[in-house]
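The block underneath contains the structure these notes are about, expressed in C-alpha cells.
Chain letters run A, B, ... following the sequence lines, proteins first, then strands; residues in each count from 1.
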Amino acid sequence: MSGVNTTFLGGHATKSGLPEARDRTQIDKIIQEASKGSKFYAFQQRREQRIAEKVAALQIKKTQLSTGYSKAEQETRKWLADAESRRILERTYLHIDMDAFFAAVEVLRRPELATVPMAVGGESMLSTSNYVARTFGVVAAMPGYIARKLCPHLIIIPPDYTAYRAAGAKVHEVLRSYDPNMSSFSLDEASLDITDYLARSSATPEEVTEELRGRVLRASNLTCSAGVGCSRQLAKIGSNVNKPNGQFILPPDPEKILEFLKKQPVKRINGIGKVTAKILEDLLKVVTCADIISQATWIRLLFSEIQSEFLLLSALGMGSAFGDGDGSERKSMSVERTFKKIDALSDMQVVLKKLCKRLAEDLLEEEWAGKTVSIKMKTAAFDTLTRAVTLENPVSTDEEIYKHASKLLSKNKPPDLRLLGVRLSGLTTDAPRYRCLDDFAHEPVERPSCPVCTQSIDAHPDDTLRINEHIDKCLVPQSNLVPQSKKPRRTLDAFFNKSGPL
DNA sequence: ACCCGAAGGACCC
DNA sequence: CTCCAGGGTCCTTCGTAA
C-alpha cells in the first residue's frame with residue numbers, strides 16, 4: 001500500500017557501537033522492509049491467512065455452542081477445582097538456562113567480541129546473538145542478511161558445535177552433582193529436581209541456586225540464569241524472569257504461583273508458540289495465563305481434550321508437559337539441506353544421494369536401522385511436502401535408503417525445490433538393547449548373536465540386513481504368519497529399553 | 001470399530 | 001544485489017481396509 005519507503009534508515013545513530021537499545025517499532029520497520037517482496041514473505045502471508053481462516057471457523061463454532069455455555073461452565077469449575085486439589089507442592093525443580101550460550105563460548109575464546117555486536121550462525125540463519133547485538137534487534141532465528149540491515153557492523157561467526165558441547169559438558173558435570181538424573185534438552189538448558197539435594201543440605205533454595213550458578217561460572221566461565229519452582233514448567237518460566245545472570249525463586253504457594261502466572265503472557269508457556277498465541281488472542285482475547293483461566297470454559301469447548309487440558313494445567317502452573325519423560329528414546333534420524341533453487345530431477349537426485357550417504361553414516365555410528373524412509377521437499381515457494389514408505393525390513397545403508405527415497409522423489413517431483421531431506425524412522429538397532437517382552441526376564445544377552453533367541457546368526461557381523469531379518473522374526477513371531485498387509489505389531493520398545501547402559 | 005500409516009503442522013532449541 | 005536452518009518430537013486429520 002504505502003509504496004516505496006526509502007527512508008527507513010532515517011535517524012540512524014552514530015556507529016560507535018554503544019549499546020543503546022533501539023526503538024522497537026523502528027526495528028520492526030527495518031525487518032519488514034528487508035523481507036518485503038521475498039518468497040518467504042509471501043509464504044508468511046499465506047500462513048497468516050490460513051490461521052485467520054481457522055480463527056473464523058472457531059468463531060462460528062463458538063456461536064453455535066453458546067447455548068451450552070452455562071452448563072459447561074459448571075463442569076469447568078469442577079474441573080478446575082479438582083485440578084487445584086491435586087496440586088503438588090512438595091518437590092522443587094531448578095531450571096538452568098545459559099546466557100547467550102553459543103555467543104558466550106565464542107567470547108571466551110575471543111574476548112574482544114564481548115563489546116561488539118556479534119552473532120553465531122550462518123548467513124541464512126542465526127542461532128544466537130550477544131547482548132550488544134540484541135540492542136540492535138538482532139536475535140536468534142533471524143536470517144543473517146536481515147540482521148546486517150539492522151546492524152551493519154554485526155560480526156557473524158559460524159557455529160562450532162564441538163566447542164559448545166565441550167562447554168556444555170563442564171556445565172552438566174556441575175549440575176549432576178545437584179541431581180544425578182538431571183535432564184538436559186539441549187546444550188544450553190537443563191532441568192533438575194533438587195528436592196533431595198535441598199533436604200540434605202538444609203540451605204534455602206535461594207542459597208543453593210546462588211551457589212550452583214557460582215559453581216557453573218567457575219567451571220565454565222559462563223553465566224547462566226535459573227528459575228526455581230515446584231514444577232519443571234514453573235522453573236523454566238522463572239528462569240526467564242531475571243535473565244541474564246540472575247535467578248528467580250517461586251515459593252511453593254498456590255497464591256504466589258497464581259499471582260506470578262497472572263502476569264505471564266501465554267507465549268511463555270513451553271508448547272505455546274506464535275500460532276496458538278495468536279489464535280487464543282484473536283478468538284478469546286486471551287493474552288495472559290490468567291486469561292486462560294477466565295476463558296477456561298470456552299477453551300474446553302473449542303479445543304481438543306489434550307489441548308485444553310494442557311492449556312489449563314499450564315495456566316495453573318501444573319503443567320507436567322515436558323521434561324518429565326527424561327531420556328526418551330530417539331524416534332528418527334534425518335538430514336536435510338537448503339540450497340539454491342533447482343528444477344531438474346537429475347539435480348535433485350544428486351542432492352538426494354548425498355543426503356542418503358550422510359544419513360547412512362550417522363546411522364552407522366549409532367548402529368541404527370529403520371523401517372520407514374521419508375523424504376521432505378520444500379518448494380521455492382516454501383511449501384513443504386513429505387512422502388514416506390514403510391518397509392518390511394529395516395534398512396540402514398545409503399544404497400537401500402536411496403533406492404526408496406529416489407522412488408518417492410521421482411513419483412512426487414515438484415517443479416522446483418529449495419530444500420531436500422531424508423529421514424529414517426521406525427528405528428531399531430543391532431545392539432542387543434531391544435528385547436521382546438516375553439524374553440525380557442531371563443537370558444544374559446551378549447555377543448553378536450541374536451539378542452532374542454541367543455542363537456548365532458548365520459551372517460557376517462556387518463550384514464545388518466540379514467541380522468535384522470533374523471531379529472525381526474524373533475521379536476515379532478506372529479508377524480511372520482501375517483501375509484504382509486497389516487501386522488498387529490506393537491512397539492514395546494519404548495517401554496523396555498530403559499535398562500540400556502548409560 | 002479401530003489401528004495404522006501418511007501427510008501436514010506447531011513447536012523447541 | 002544478495003531473499004529465512006537443521007534436527008527432533010508430538011498432535012491432528014484422513015483414508016483405506018477384512
*asked:* Within the 4.0 Å heavy-atom criterion, would you say A:M142 contacts the bases, only the backbone, or no part of the nucleic acid?
replied: nothing

*Protein-nucleotide distance (A:K371, atom NZ; B:dA6, atom C1'), rounded to Å*: 14 Å

*Could you please name the option among B:dC13, C:dC4, B:dC12 that lies closest to any side-chain atom of A:D188?*
B:dC13

*With respect to the phosphate group of B:dC13, does any side-chain polar atom (N or O) of A:K236 fall under 4.0 Å of OP1 or OP2?*
yes

_Going by ring-ring contact (aromatic ring centres under 6.0 Å, His included), name the residues that satisfy it together with A:F382, two or more places apart in sequence or in a different chain._
A:F40, A:F43

_Trace of the side-chain hydrogen bond (donor to acceptor under 3.5 Å, both in side chains) decision for A:T288 with A:D291_ = CA-CA 5 Å; A:T288 66; A:D291 297 335; 3.2 Å; yes

*Round to the nearest Å and state the distance from A:W368 atom CH2 to C:dG7 atom P.*
17 Å

*Salt-bridge test for A:R148 and A:E123: reply yes if a basic N is under 4.0 Å from a carboxylate O, no otherwise.*
yes

*Under the salt bridge (Lys or Arg N to Asp or Glu O under 4.0 Å) test, residues paired with A:R358 that sit two or more places apart*: A:D362

*Please work out if A:R358 contacts a base, only the sugar-phosphate, or nothing of the nucleic acid, heavy-atom cut-off 4.0 Å.*
nothing

Shorter than 3.5 Å, N or O on both sides, protein versus nucleotides 11-13 of chain C: list them out with atom names.
unit_1 : atom_1 : unit_2 : atom_2 : d
C:dT12 : OP1    : A:S304 : OG     : 2.7

*Please state whether the rings of A:Y161 and A:F102 are parallel, tilted or perpendicular, taking 30° and 60° as the class boundaries.*
perpendicular

*Which part of the nucleic acid, if any, lies within reach of A:L419 when heavy atoms closer than 4.0 Å are counted: base, sugar-phosphate only, or nothing?*
sugar-phosphate

*Does any residue of residues 377-386 of chain A have a heavy atom under 4.0 Å from DNA chain B, and if so, which ones, in number order?*
A:L385, A:T386

_Would you say A:D99 and A:T223 are linked by a side-chain donor-acceptor pair, where the criterion is simply a distance under 3.5 Å?_
yes

_Any side-chain to backbone donor/acceptor pair from A:S35 onto A:I31? Under 3.5 Å, distance only._
yes

*With respect to the side chain of A:V335, which nucleotide from C:dG7, C:dC4, B:dA10 is positioned closest?*
C:dG7

*Is there a donor-acceptor contact under 3.5 Å from the side chain of A:R213 to the main chain of A:C224?*
yes

*Report yes if a side-chain nitrogen or oxygen of A:R148 is closer than 4.0 Å to either non-bridging phosphate oxygen (OP1 or OP2) of C:dT2; otherwise report no.*
no

*Rounded to the nearest angstrom, tell me the gap between atom NZ in A:K274 and atom P in B:dC12.*
12 Å

_Checking contacts here: which listed nucleotide (B:dA10, C:dA5, C:dC3) is nearest the side-chain heavy atoms of A:S38?_
C:dC3

_I'd like to know if A:R109 and A:D160 make a salt bridge, using a cut-off of under 4.0 Å between side-chain N and carboxylate O._
yes

*asked:* Does A:G122 reach a base, just sugar-phosphate, or nothing at all? Heavy atoms under 4.0 Å.
replied: nothing

*Apply side-chain hydrogen bond (donor to acceptor under 3.5 Å, both in side chains) to the pair A:S183 and A:S191, showing each step before the final yes or no.*
CA-CA 6 Å; A:S183 59; A:S191 173; 4.8 Å; no

_Canonical and wobble pairing (Watson-Crick, G-U, under 3.5 Å) of DNA chain B, dot-bracket with |_ = ...||||||||||

*Please determine if a side-chain N or O atom of A:K331 lies less than 4.0 Å away from the OP1 or OP2 oxygen of C:dC10.*
yes

*Check whether any side-chain N or O of A:S374 sits under 4.0 Å from OP1 or OP2 of B:dA6, and answer yes or no.*
no

_Between A:R423 (side chain only) and A:V373 (backbone N and O only), is there a donor and an acceptor less than 3.5 Å apart?_
no

_For a side-chain hydrogen bond (donor to acceptor under 3.5 Å, both in side chains) check, start with the C-alpha distance between A:R176 and A:N181, then their side-chain angles and the critical distance, and finish with the verdict._
CA-CA 7 Å; A:R176 256 190 293 274; A:N181 301 318; over 6 Å; no

*Contact residues, residues 48-62 of chain A to DNA chain C [heavy atom, < 4.0 Å]*: none

*List for me each residue that meets salt bridge (Lys or Arg N to Asp or Glu O under 4.0 Å) alongside A:K354, sequence neighbours excluded, and say none if there are none.*
none

*OP1, OP2 of B:dC11 versus side-chain N and O of A:R268: anything below 4.0 Å?*
no

*Between A:S186 and B:dC12, does any side-chain N or O lie under 4.0 Å from OP1 or OP2?*
no

*Looking at A:E189 and A:K236, does any basic side-chain N land under 4.0 Å from a carboxylate oxygen?*
yes

*Partner residues of A:Y402 under the ring-ring contact (aromatic ring centres under 6.0 Å, His included) criterion, sequence neighbours left out*: none

*Can you tell me if the side-chain N/O atoms of A:R387 get under 4.0 Å from OP1 or OP2 in B:dG8?*
yes

*Could you pick out which residue, A:K376 or A:S35, lies toward the 5' side of DNA chain C when each is mapped onto its nearest nucleotide?*
A:S35

_Applying salt bridge (Lys or Arg N to Asp or Glu O under 4.0 Å), can you list everything that pairs with A:K341, at least two apart in sequence or on another chain?_
A:D343

*Verify the contact: side-chain N or O of A:R418 to OP1 or OP2 of C:dC3, cut-off strictly under 4.0 Å; return yes or no.*
no

*Could you state the atom-to-atom distance from CZ of A:F102 to P of C:dA5 in whole Å?*
17 Å

*Residue list, ring-ring contact (aromatic ring centres under 6.0 Å, His included) with A:W79, at least two apart or on another chain*: none

*Would you please confirm or rule out a distance under 4.0 Å between OP1 or OP2 of C:dA5 and any side-chain N or O of A:S127?*
no

*Give A:L355 one of three labels, base, sugar-phosphate or nothing, depending on what nucleic acid heavy atoms sit under 4.0 Å from its own.*
nothing

*asked:* Among C:dT9, C:dC4, C:dG6, which nucleotide has an atom closest to any side-chain atom of A:Y145?
replied: C:dC4

*How is A:E189 classified with respect to the nucleic acid when contacts are heavy atoms under 4.0 Å: base, sugar-phosphate, or nothing?*
sugar-phosphate

_Between B:dC12 and C:dC3 - C1' atom distance, rounded Å_ = 25 Å

*What's the CD-C1' distance between A:E123 and C:dT2, to the nearest Å?*
9 Å

_Side chain of A:T338, heavy atoms from C-beta onward: which of C:dA5, B:dA10, C:dC3 has the nearest atom to it?_
C:dA5

*salt bridge (charged side-chain N to carboxylate O under 4.0 Å, His left out) contacts in which one or both residues fall within residues 277-288 of chain A, not counting sequence neighbours*: A:K278-A:D282

*A:R47 CZ to B:dA10 C1': how many Å, rounded?*
8 Å

*Start with the C-alpha distance between A:D416 and A:T379, add both sets of side-chain angles, then the distance that settles side-chain hydrogen bond (donor to acceptor under 3.5 Å, both in side chains), and finish with yes or no.*
CA-CA 6 Å; A:D416 49 33; A:T379 69; 4.7 Å; no

*Can you tell me how far C1' in B:dC2 sits from the matching atom in C:dC14, rounded to whole Å?*
14 Å

*In terms of side-chain heavy atoms of A:T390, which of B:dC12, C:dG8, B:dG5 is nearest?*
B:dG5

_Contacting residues from residues 39-46 of chain A, given that a heavy atom lies under 4.0 angstrom of DNA chain C_ = A:K39, A:F40

*Taking only the side-chain heavy atoms of A:N270 (C-beta and beyond), determine which of C:dC3, C:dG7, B:dC12 contains the nearest atom.*
B:dC12

